[in-house]
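Counting starts at 1 for both ligands and their atoms, following the listed order. Everything quoted here is computed from the prediction, not taken from an experiment. Counting from 1, the numbers follow the sequence of the chain as shown.
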Amino acid sequence: MSNNTQSKKESALIAENGPWAAVGEHPNAITNRFYTYERVQEIVAFIQNIVPAKPEVAIICGSGLGGLAELVVDKVVIPYADIPNFPRSTVAGHRSNLVFGILNGISVVCMQGRFHPYEGYTTAACAFPVRVMQMLGAHTLIVTCAAGGVNKSYRVGDIMLIKDHINFPSMAGNNPLIGHNDERFGKKIRPRFPPVGHAYDRQYASQMKQVAAKHNIELREGVYCALGGPCYETIAEINLLRVLGIDAVGMSIVHEVTLGAHCGLRMLGLALITNKCLFEYDSTIEAVHEDVIRISELKANELQQLILDFVGGIKTNKT
Ligand SMILES: O=P(O)(O)O[C@H]1O[C@H](CO)[C@@H](O)[C@H]1O
Ligand SMILES: Nc1nc2[nH]cnc2c(=O)[nH]1
């Protein structure tokens, strides 16, 4: 039996039995059972009925960064609430829309609002839209986020190109790929053990550096780490992260990039440093989400400029 036929059979069984049939399994295994290949296909078909054009680039907008989607022209907006089986964003600073259209000459889909594990979604549910966007036609994924600056030299408002990440939830056994490995996701056969050592595309990273230099925008480059949240970090945790060589901390991105790697997307990540993390016990400042959104919105223009130009470069490379 070919891998494909086996995947189809397993997926049909899973769809038939539903998530309740998986009681006792890892929670992400249950969610993988819910967002089967067929269910993702149904969502894709629903969207294609509304937007026949294929997006080439998928963009996930972080906290307070949804304004990027406003720059899209010839826009078609699909609220998550209208899409069967699509989750909703429940966090301030995240709208709940898929925005399709043209950004600097290239066909894009923007997630105006993402899902985080602390909202009660498993990492697999948080990340499954990546598969939807890939199946719609995207070959590139740009992830953006707000993050706390762990690196002592970082300033509020800095933009960090994500060189690599540390996926703490995954290291603790919470990876969105846990459960059935449906090899039909992605263009090629997708492995049980996908490599993520070069998840962030090196050519894209160097193109982004050139774009930043052109605009005279200082770009940091560093390692992002995701924790489960929703608490911000203790002082001891931040000091631990620093010892580990982490530059910025957040509660997103890593599960999205994991599914992106699994289905063969080229990826670029940008983190906006919205606050400096606490290092000292006599410090009186604490991170607050309202400040995170305020800083994101304040600095959104620069980030948008970088992405706009970068996306234009993808178009140029193609011609
Ligand atoms: O990563 P994004 O979605 O930008 O949001 C970041 O900001 C929120 C905390 O203020 C957390 O959700 C964290 O992950
Ligand atoms: N975990 C975490 N996420 C953030 N998102 C924005 N700032 C922060 C922060 O300081 N810590």
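Between the CD1 atom of Ile59 and the CE atom of Met133 there is a distance of 9.5 Å, given to the nearest 0.5 Å. Distance check: Glu42 CD to Asn85 CG gives 7.0 Å after rounding to the nearest 0.5 Å. Note that SG of Cys277 is 11.5 Å distant from CD1 of Ile285, once rounded to the nearest 0.5 Å.
Taking atom 5 (N) of ligand 2 as the reference point, the nearest protein heavy-atom neighbour is Ala146 O, 3.6 Å. Of the protein's non-hydrogen atoms, Tyr118 OH, 2.6 Å is the one closest to atom 12 (O) of ligand 1. In terms of protein heavy atoms, atom 4 (C) of ligand 2 is closest to Val249 O, 3.6 Å. At the top of the distance list for atom 3 (N) of ligand 2, counting protein heavy atoms only, stands Gly250 CA, 3.3 Å. Looking only at heavy atoms of the protein, atom 11 (N) of ligand 2 is closest to Glu233 OE1, 2.8 Å. Of the protein's heavy atoms, Gly148 N, 3.4 Å lies nearest to atom 8 (C) of ligand 2. Ranking the protein heavy atoms by distance from atom 3 (O) of ligand 1 puts His116 NE2, 2.6 Å first.
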I would like to know whether Tyr204 and Phe310 meet ring-ring contact (aromatic ring centres under 6.0 Å, His included); could you show each step before the answer?
CA-CA 8 Å; Tyr204 277 0; Phe310 173 80; 5.0 Å; yes

Just do the side-chain hydrogen bond (donor to acceptor under 3.5 Å, both in side chains) check on Ser107 and Glu56 with the steps written out, would you?
CA-CA 5 Å; Ser107 181; Glu56 290 195 45; over 6 Å; no

Can Lys209 and Glu221 be said to form a salt bridge (Lys or Arg N to Asp or Glu O under 4.0 Å), step by step?
CA-CA 9 Å; Lys209 285 180 199 169; Glu221 188 173 18; 3.1 Å; yes

Could you give me the CA-CA distance, side-chain angles and deciding distance for Tyr232 and His289, then say whether ring-ring contact (aromatic ring centres under 6.0 Å, His included) is met?
CA-CA 9 Å; Tyr232 293 112; His289 188 58; 7.5 Å; no

After noting the C-alpha distance and the side-chain angles of Arg220 and Asp247, does the key distance pass the salt bridge (Lys or Arg N to Asp or Glu O under 4.0 Å) rule?
CA-CA 10 Å; Arg220 306 288 196 155; Asp247 298 294; over 6 Å; no

Could you check Phe128 against Phe86 for ring-ring contact (aromatic ring centres under 6.0 Å, His included), going step by step and ending with a plain yes or no?
CA-CA 9 Å; Phe128 99 98; Phe86 217 80; 5.4 Å; yes

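With a 4.0 Å cut-off on non-hydrogen atoms, Val292 touches ligand 2 through its side chain and not its backbone. The side chain of Asn275, and not its backbone, has at least one atom closer than 4.0 Å to an atom of ligand 2 (non-hydrogen atoms only; side chain from C-beta on). Within the 4.0 Å heavy-atom criterion, the part of Ala147 lying near ligand 2 is the backbone and not the side chain. With a 4.0 Å cut-off on non-hydrogen atoms, Met251 touches ligand 1 through its backbone as well as its side chain.
With ligand atoms numbered from 1 in the order given, ligand 2 contributes 2 (C), 4 (C), 8 (C), 9 (C), 10 (O), 11 (N) to contacts under 4.0 Å with heavy atoms of Tyr232. Heavy-atom contacts of Thr274 reach the following atoms of ligand 2: 6 (C), 7 (N) (cutoff under 4.0 Å). Under a 4.0 Å criterion applied to the non-hydrogen atoms of Cys277, ligand 2 contributes the atoms 10 (O). Proximity to Tyr232 (heavy-atom distance under 4.0 Å) selects the following atoms of ligand 1: 9 (C), 10 (O). Remark: ligand 1 atoms within the under-4.0 Å shell around heavy atoms of Cys145 are 1 (O), 4 (O). Close approach of ligand 1 to Gly62 (heavy-atom distance below 4.0 Å) involves ligand atoms 4 (O). Listed by atom number, the atoms of ligand 1 under 4.0 Å from Ser63 heavy atoms are 2 (P), 3 (O), 4 (O), 5 (O), 6 (C), 7 (O), 8 (C).
In terms of polar-atom proximity, His289 is counted as a contact of ligand 1, with an N or O under 3.5 Å from an N or O of the ligand. Taking only nitrogen or oxygen atoms, main chain and side chain alike, Ser252 reaches within less than 3.5 Å of ligand 1. Distances between N or O atoms of Val292 and those of ligand 1 include no value under 3.5 Å.
At a cut-off of 3.5 Å, with distance as the only test, a side-chain donor of Gln112 or Glu70 sits close to an acceptor on the other residue.
Relative orientation of the Tyr80 and Phe115 rings is tilted, given thresholds of 30° and 60° on the angle between their planes.
Both cation-pi conditions hold for Lys152 and Phe279: the charged atom is under 6.0 angstrom from the six-membered ring centre and inside a 45 degree cone around its axis. Annotation: cation-pi pair Arg131/Tyr35 absent, no NZ/CZ under 6.0 Å from the ring centroid and within 45° of its normal.
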